[in-house]
Structures are given as C-alpha cells and as structure tokens.
Amino acid sequence: MNIRKWSQRAFILLLVGLTIAFVAQVDQNQVPRIEHLDKLVHFGAFFLLAWTFHQGFATPWWLALLCLGAYAVLIEWIQSTLPYRSASLGDFIADGLGVLSYFLVAYCCQQWRQRRSAS
C-alpha cells in the first residue's frame, strides 16, 4: 500500500475517532484537571489531521486549511448543541494553530530539502 492510500485511511480513521472524542460525554470528576490541556489536545489533533490530509490528498494548502477549518467550526457547533459540552473560541483557535503549524513545518521542510538537493 502506498503512502497516499495509507494517509487517506489514517485521515478518515483519525477524523472519525476525533469526532467521537470531541462529542463524547466526559465525566469531569474522572479527568485530571491540567490547565489548558484541552487546547494542547485540540492543537495536536488538528496538527495530525493536517498531516494525514496533506499526505493523503493532492490539494493546495489553502484548501486543506479551509476543509479542516470547516470541520473545526462544525465540531464546535455540535458541542454547543450538546447539554454536556460547550463550544469554545479557544478550542477553535487551537485547532487553527495546529493546522497552520503543520503547514509551516511542511513548508520549512520542503525548503530545506530543495536547498539541500541544490547544493
């Protein structure tokens, strides 16, 4: 199986798993309280989504950003409709920063490879 097919499957599995995790009911008494840990989770989850999306689908970075941004909005909207969850602008910002960070890292790696192969 080539990297593109593997990445497409990984993206879909990650998308389904994260959707379930983001809308699941969480008993606050069983979760350790670490300040802003949820923002780090959102950042990491969307960094991984961007990575698998970029590897799996031949789309421009701006389209990936638009698709993943729409998913972030959808997740926050769904959370706002659930009685045991709430929407958060901070979560949405962390999602966006995760995606942007991935594409910044990917761009820097591409530039580094190009310079390395040119020399």
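Because the structure is predicted, anything quoted here is derived from the model rather than measured.
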Using modelled atom types only, decide if a donor and an acceptor are shared between the side chain of [X] and the backbone of [Y] within a distance under 3.5 Å.
X   : Y   : answer
S80 : W77 : yes
Q79 : F22 : yes
Y84 : A24 : no
E76 : A87 : no

* Asked: Nearest heavy-atom pair of F57 and R4: which atoms, and what distance?
  -> C-NH1, 3.3 Å
* Structure fact -> Between A10 and T52 the two heavy atoms that sit nearest each other are CB-CG2, 4.0 Å
* Asked: Taking side chain as C-beta onward, heavy atoms only, is V16 less than 4.5 Å from I20?
  -> yes
* Heavy atoms, side chains only, cut-off 4.5 Å: are T19 and Y71 in contact? -> yes
Taking atom [atom1] of [X] and atom [atom2] of [Y], what is their separation to the nearest 0.5 Å?
X    : Y    : atom1 : atom2 : result
S88  : K39  : OG    : NZ    : 3.5 Å
C108 : F103 : SG    : CZ    : 13.5 Å
L97  : L104 : CG    : CG    : 11.0 Å
I93  : L100 : CD1   : CG    : 11.5 Å
L49  : D95  : CG    : CG    : 9.0 Å
F11  : Q55  : CZ    : CD    : 13.0 Å

Taking [Y] as the starting point, is it possible to reach [X] by hopping between hydrophobic residues whose side chains are less than 4.5 Å apart?
X    : Y    : answer
V105 : W112 : no
L13  : F46  : no
L66  : F47  : yes
L63  : L65  : yes
V99  : I12  : yes

* **Worked verdict on Y102 versus F53 for ring-ring contact (aromatic ring centres under 6.0 Å, His included)** => CA-CA 11 Å; Y102 167 76; F53 190 93; over 10 Å; no
* To do: Could you walk me through whether L74 and I78 pass the side-chain contact (heavy atoms from CB on, under 4.5 Å) test, one step at a time?
  => CA-CA 6 Å; L74 178 65; I78 290 170; 3.9 Å; yes
